[in-house]
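Below is one structure, written out as structure tokens; comments come after it.
A, B, ... follow the sequence lines: proteins, then strands. Residue 1 opens every chain.
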Amino acid sequence: MLHVDMDQFLVAVELLRRPELVGLPVVVGGRGDPTERAVVSTASYEARAHGVRSGLALKLAKRRSPDAVFLPVDFPVYEAASAVVMQTLRATPGAVVEVLGWDEAFVGIETDDPLAAARSIQAAVLEATGLHCSVGIGDTLVRAKIATDFGKPQGTFRLTRDNWMEVMGERPTTALWGVGTKIGARLEAIGIRTVADLAAADEEALVAAFGPASGSHLGRLGRGGGRTTPDDTPWVARAHGRETTYQADLITPDEVRAALAELAARVVDDVRKEERAVQRVHLKVRFAPFFTFTKVRKLPEPTFDVEVITQTAYDLYLALDDQRRVRLLGVRGEMVPPDGGY
DNA sequence: TCTGGGGTCCTAGGACCC
DNA sequence: TCTGGGGTCCTAGGACCC
């Protein structure tokens, strides 16, 4: 099992057409203007040395790396590069490819020499795209995925049952794929701090704390277990959403209603392209200062009328406005197909 | 200190049914 | 008036990932 992950993907693609920027701190994010409200999508290794990371506000990135070159996000170009990468992976004889995102995929392959297979894939991707990648080798998807980070950049690393505990045992649980700060804190509250702690944790205690699916998943994760083969079933979206970050907070009811109508129109437009019948729309409305999607509403079905969606979301906004100090930052409409999720 | 835009999957609790 | 056990489905919300 291999996990292939492109190195500083968005930046690397930009450097192909702007070779004069190689070696400089480069930040890709938003419209490329660090005075605007937007975040870093990808930072070059030189910018990362200044503490610039994905998700950091562009304003703060500028402060940390004043000399960095800021570039706008150019989706079509990255999509095209991604397609060539995935095509190259699929062209590997005997490979089963499970795409995880623009810039990464699992590659299942039968071989006695996984390291050679990894090197061969790196060479093929470089040849086809001019881009470098790192490859994790593992006996499970989770181990391969986590191994990749130790191989960056342009390298390989292998994590198996034999060295998992040695490499991961003393690390915090948040080093695991799928454990973020919230779950990490809840684990710590029940005395589980490290990966080794989690691996040794009582299954029943985990299930009691996190529920049947998550509880047993967490225990397995601590041991590096789980699936051992990728699934190349073509991906079918289960939801669609549209979200926008406004450069200034929307305060007045008129501003909010207009923004909601615009987003609703975009979601409806997207849903109409679905071949499957769609019967539910969830609305999530994001507010500051909570910075979270705070409400979900199921619409009367099957309703894909812009005005109905807009009015429902607007009612939501008015209800939350009662709490005072609510600033609208973004709105997201979500559609869920009848057979999807939950 | 400020906060993308696209997603996925899971859970608690209540309603309802037999 | 008090109270069963098992199951399914729905709603609202949470967490995480790239």
Which listed nucleotide ([options]) is nearest to the side chain of [X]?
| X | options | answer |
| --- | --- | --- |
| A57(A) | dC18(C), dG5(B), dT3(B) | dT3(B) |
| R63(A) | dT1(B), dG6(B), dC18(C) | dT1(B) |
| W177(A) | dC18(C), dT3(B), dG7(B) | dC18(C) |
| A237(A) | dT8(B), dG5(B), dC17(C) | dT8(B) |
| W235(A) | dC18(C), dG7(B), dG6(B) | dG7(B) |
| R37(A) | dC17(C), dG6(B), dT3(B) | dT3(B) |

Write down the distance between [atom1] ([X]) and [atom2] ([N]), rounded to a whole number of angstrom.
| X | N | atom1 | atom2 | value |
| --- | --- | --- | --- | --- |
| E104(A) | dG6(B) | CD | C1' | 14 Å |
| L60(A) | dG4(B) | CG | P | 12 Å |
| M86(A) | dC18(C) | CE | C1' | 11 Å |
| D315(A) | dA12(C) | CG | P | 13 Å |
| K152(A) | dC18(C) | NZ | P | 11 Å |
| F210(A) | dT11(B) | CZ | P | 11 Å |
| Y78(A) | dG6(B) | OH | C1' | 15 Å |
| F106(A) | dC18(C) | CZ | C1' | 12 Å |

Is there side-chain contact between [X] and [Y], with heavy atoms separated by less than 4.5 Å?
| X | Y | result |
| --- | --- | --- |
| R223(A) | V195(A) | no |
| V4(A) | E104(A) | no |
| Y78(A) | E14(A) | yes |
| V52(A) | V40(A) | yes |
| T194(A) | R171(A) | no |

Under 4.0 Å, heavy atom to any atom of DNA chain B: which of residues 180-206 of chain A qualify? none
Close approaches to DNA chain B from residues 211-222 of chain A, in residue order (heavy atom, under 4.0 Å): G211(A), P212(A), A213(A), S214(A)
Between [X] and [N], is there a contact of a side-chain N or O with OP1 or OP2 at under 4.0 Å?
| X | N | result |
| --- | --- | --- |
| W102(A) | dG6(B) | no |
| H240(A) | dG6(B) | no |
| S54(A) | dC18(C) | no |

Does the cation-pi check pass for R143(A) over W164(A), that is, NZ or CZ under 6.0 Å from the six-membered ring centre and within 45° of its axis?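 Yes, R143(A) and W164(A) form such a contact.
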Looking only at non-hydrogen atoms, find the nearest pair between S134(A) and D7(A) and report the distance. OG-OD1, 2.7 Å
Check every strand shown and say whether V179(A) touches a base, only sugar-phosphate, or nothing at a heavy-atom separation below 4.0 Å. sugar-phosphate
So does R193(A) get a backbone contact from the side chain of D197(A), meaning a donor-acceptor N/O pair under 3.5 Å? yes
Does any N or O in the side chain of T111(A) come within less than 3.5 Å of the main-chain N or O of D113(A), such that one atom is a donor and the other an acceptor?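 Here the side-chain-to-backbone pair exists.
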When you compare the side chains of [X] and [Y], does any donor N or O come within less than 3.5 Å of an acceptor on the partner?
| X | Y | result |
| --- | --- | --- |
| T312(A) | D315(A) | no |
| T252(A) | D254(A) | no |
| R90(A) | Q87(A) | no |
| Q311(A) | R257(A) | yes |

C1' spacing across the pair dC17(C) / dG4(B), given as an integer number of angstrom: 14 Å
Return the stems involving DNA chain C, sorted by first number, where pairs are Watson-Crick (N1-N3 with N6-O4 or O6-N4) or G-U wobble (N1-O2 and O6-N3), both under 3.5 Å, and runs are 3 or more long.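 Correct response: B:5-18 with C:5-18.
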Quick one: on DNA chain B, does A38(A) or L56(A) contact a more 5' nucleotide (nearest heavy atom)?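 This one resolves to L56(A).
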